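Working notes, structure below.
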Amino acid sequence: MKPELKDKIKTIRHDYTKHQLLEENITSDPFIQFGIWLHEAFENGDEAANAFTLSTVNEFNEPSSRIVLLRDVSHGGFTFFTNYASHKGRDMEKNKHVSLLFFWKELQRQVRIEGTVEFLSEEESVSYFNSRPRESQLAALASQQSEVISNREELDHFFLNVTKLYADKEVPKPNHWGGYVVIPTKMEFWQGRASRLHDRIQFTLINNSWKIERLSP
Ligand SMILES: Cc1cc2nc3c(=O)[nH]c(=O)nc-3n(C[C@H](O)[C@H](O)[C@H](O)COP(=O)(O)O)c2cc1C
């Protein structure tokens, strides 16, 4: 790493002064609070506001994270779509516990969610797959997500093959592709504040109701 860069990451500091999160202003339902913050992130110009870090843990307790896109909030959970046979899919087959992390930089906010995954119904996965652009549908067929491939040409070749195979035909959803719903048991709303005295409000699901607590920053 360049010395200037080393210096930069050691010394760069931000003070967070844009907003505050007080108990009297938060909703008692964390899903409603999440909706308000997601809406505000989009309104504030964050085109990738629905992107989040999904962390999974495999059968050997090894964690792994990547970005995916939130596509729905319903059925009491957060929906995303992926390849069931991918690295993350294999992790979730063995271990249903996952964490989600949203970071809305401009609003100086993060939301942490912990919970367990369930499969979205096949009907809903098909319905969402059919709503995707044709190229994305073909790509889902062409890509064996997370598998090693020889080179870029191999991928382009697979894509060309499925494009020919389904020319003038509807692209069927592959069996290995679909949605997951994350059912949360904990959700934390973090609002950056001045002097590192950030606001952290945590919702914990206990006997079907959400307990609200403030955490120390
Ligand atoms: C902005 C962004 C959005 C992404 N959205 C998705 C998504 O919705 N689903 C998905 O499977 N991968 C998505 N990816 C790719 C994943 O980060 C990851 O590379 C891929 O899912 C393979 O992960 P895995 O090998 O850990 O299973 C996205 C990546 C970025 C940067």
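Whatever order the structure lists them in is the order used to number ligands and atoms, beginning at 1. Just so it is clear, the model here is predicted, and its values are computed rather than measured. Every heavy atom of this structure was used, including side-chain atoms; hydrogens, water molecules and symmetry mates were not. Count residues from 1 along the sequence.
- By the 3.5 Å distance cut-off applied to N or O atoms, F81 is counted among the residues near ligand 1.
- When distances from atom 19 (O) of ligand 1 to the protein are checked, no heavy atom turns up under 4.0 Å.
- Cluster membership for F34 and V181, using ILVMFWY side-chain heavy atoms within less than 4.5 angstrom, is not shared.
- Taking the six-membered ring for Trp, Y84 and W177 have ring centres at least 6.0 Å apart.
- The ring pair (Phe, Tyr, Trp, His ring centres under 6.0 Å) with Y180 is formed by just one residue from the set F119, Y128, F78; it is F119.
- Of the polar atoms of N83, none of the N or O atoms is found under 3.5 Å from an N or O of ligand 1, judged by distance alone.
- Considering backbone and side-chain atoms together, V68 places no N or O closer than 3.5 Å to any N or O of ligand 1.
- Salt bridge E59/R90: absent, no basic N to carboxylate O contact under 4.0 Å.
- Crowding of R193 atom CZ: a count of heavy atoms from other residues, nucleotides or ligands under 6.0 Å exceeding 12.
- Here the shortest heavy-atom distance to atom 14 (N) of ligand 1, taken over I67, L54, L70, belongs to I67.
- Note: F129 and F81 fail the aromatic proximity criterion, with ring centroids not under 6.0 Å apart.
- The six-membered or imidazole ring of F189 lies near that of F203, with a centre-to-centre distance under 6.0 Å.
- Note on E118 versus K96: no salt bridge recorded, every NZ/NE/NH1/NH2 to OD/OE distance being 4.0 Å or above.
- Interatomic distance, CD of E170 versus CZ of R134, reported as 9.0 Å (0.5 Å rounding).
- Here the heavy atom of the protein found nearest to atom 21 (O) of ligand 1 is K88 NZ, 2.6 Å.
- Nearest protein heavy-atom contact of atom 11 (O) of ligand 1 is T82 OG1, 2.6 Å.
- In F80, neither the side chain nor the backbone holds a heavy atom less than 4.0 Å from any atom of ligand 1.
- Near S146, the atoms of ligand 1 lying under 4.0 angstrom from a non-hydrogen atom of the residue are 24 (P), 25 (O), 27 (O).
- Looking at ligand 1, you'll find an N or O of L69 within less than 3.5 Å of one of its N or O atoms.
- Annotation for ligand 1: atoms under 4.0 Å from non-hydrogen atoms of H87 are 24 (P), 25 (O), 26 (O), 27 (O).
- Contacts with ligand 1 closer than 4.0 Å are made by side-chain heavy atoms of Q145 only, the backbone lying farther away.
- Shortest contact from atom 26 (O) of ligand 1 to any protein heavy atom: R66 NE, 2.8 Å.
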